[in-house]
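Take a look at the structure set out below.
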Amino acid sequence: MEAGMKEEVLGAVARRNVFLSPDALEMVMSNSDPLSFVNTVLSALSKSAMFVSKKDIMDCIAGDKVLFESANERVRKNKLVSDLAVASGTDVTGCSTCEGKINDFVVYFKNRFSMLSKILRENRDFMKSEPAGDVCSIKRAFDRGGRDAKIIGMVYERSETRNGHKRIVVEDEEGKCTVLITKDSPMASETFTDDEVIGVCGKPSTKGDLFIANKIFRPDVPSGRRWVPSDSSASVAILSDAHVGSHTFLKSQWNAMISWLKANAYESEIDYLILPGDVVDGIGIYPGHDKDLDVKDIYRQYEMLSEYLKEIPDHMKIVVQPGNHDAVRPAEPQPALGGDFAKCFDSEVILTSNPVSLKIEGRNILTYHGKSIDDWVAKVSGMSYDDPARAMKEMLVRRHLSPIYGAKNPLAPEKKDYLVIETAPDVFISGHVHGAAHLDYRGVKVINASAWQGQTEYQRSHNFSPEPAVMPVVNLGSGRVDMKRFD
Ligand SMILES: [Fe+2]
Ligand SMILES: [Fe+2]
């Protein structure tokens, strides 16, 4: 038993490229939870540290030595008053109107088109592009007799001609046309998805419905946008896909993360914690799911999560959002956990919809579980589960979290399309694919936030390898993203 634990400890140390002296190793092994202890030490270790002795650890515990990055560098600047609110109009909870009637879909797509058209009209690159002047409807563009025009349309159909040119049928509220992209055009290598909304500058044919594209624009995040530092010194930690109740829930790594937060969150001003969905493993989510469950009672799963969250330091404000494993409707936007599930949590825990936008200390945080990544990977060439941040970037480009309708990710036809990214966020969080990645796209900190579940039999049979036990922490002032590893 001890030999196995020693191996796990040595494995964790080797992955971090740090050496423990024999006496340091002995000290770690004498702890009641050696893996948690060593992970806590490793997570907080100064980046330059390579060799750690017992004396180093003891000096650090006594407060005499800067072994941990946070020891003497950080002094809390902020008072402990949290500044977090759900952005108005972004939470569907209690506002759902759809009944699934055909007319609901008509209203839904009209709203999507109108919201994305508005964003495209705010895209300065599109509006400045030739021909000068405003956007016109597809019908009017063709009525004007072959003059260059600027149109906005929703992608209805895509195909390729025998000669290798791209044909994209787009429609607006009045008409439809076929946008032609010649195979020699730089636009020919661009990726288009069904149901996305694009702006096209080009020339309509005098006969037929062809619109020869000169330039194509996406709603996108404004070009040239950058992260502007603020004086906030607070940080947000993200724990996605906890999957409490799963047979492969990573309890030891979770405990190490909790220990680390207890030791560091206050001094490091990690004042907010977001759980972007799949907070429990749920029941009956995929064929044979019950074989992967330790806890088959879903109420018990939420009670257990609530118990775990009580361990989070009191000063941290917690937000819980559902995902496709949670006990709400599967169609997005998903409302917040309600009823008896909501009662499991302390009143301090904020339960929101999926997706939702949060305002935290002046920053706009968009948090979305990320189920649509399944469709991006299945339907869009070049996308893969190994690179979830790329799919998230493409969502920002299209200013839509799940543009493709009718694939794996179910969408509820609400009167308002809650999946449109109305405001370009400062931080964009997703999970779902159990990967750990981040990038900066035009000043947006794009973060895919790992998982706390090891590989399940189901994932193994689908050749899927997760990257669990990583807690991203984003600083709201500097925008710096740290991926804290507890593996
Ligand atoms: Fe998940
Ligand atoms: Fe998920």
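Heavy atoms only: backbone and side chains are in, while hydrogens, waters and symmetry mates are out. Order of listing sets the numbers, starting from 1, for every ligand and every atom in it.
- Ring pair F249/W254: centre-to-centre distance below 6.0 Å.
- Remark: E422 engages K416 in a salt bridge, criterion side-chain N to carboxylate O under 4.0 Å.
- Counted within 6.0 Å of CG on D290, heavy atoms from surrounding residues, nucleotides or ligands total more than 12; the atom is thus considered enclosed.
- K445 has no carboxylate O lying under 4.0 Å from a charged side-chain N of D426, or vice versa, which leaves the two without a salt bridge.
- Counting only protein N, O or S atoms closer than 2.8 Å to the Fe ion (ligand 1) gives 4.
- Ring centers of H325 and H432: at least 6.0 Å apart, outside the cut-off.
- When you scan the N, O or S atoms of H369 for the one nearest the Fe ion (ligand 2), you land on NE2.
- Take R226 and apply the side chain to side chain contact (heavy atoms under 4.5 Å, CB included) test, not counting sequence neighbours, and it matches no residue.
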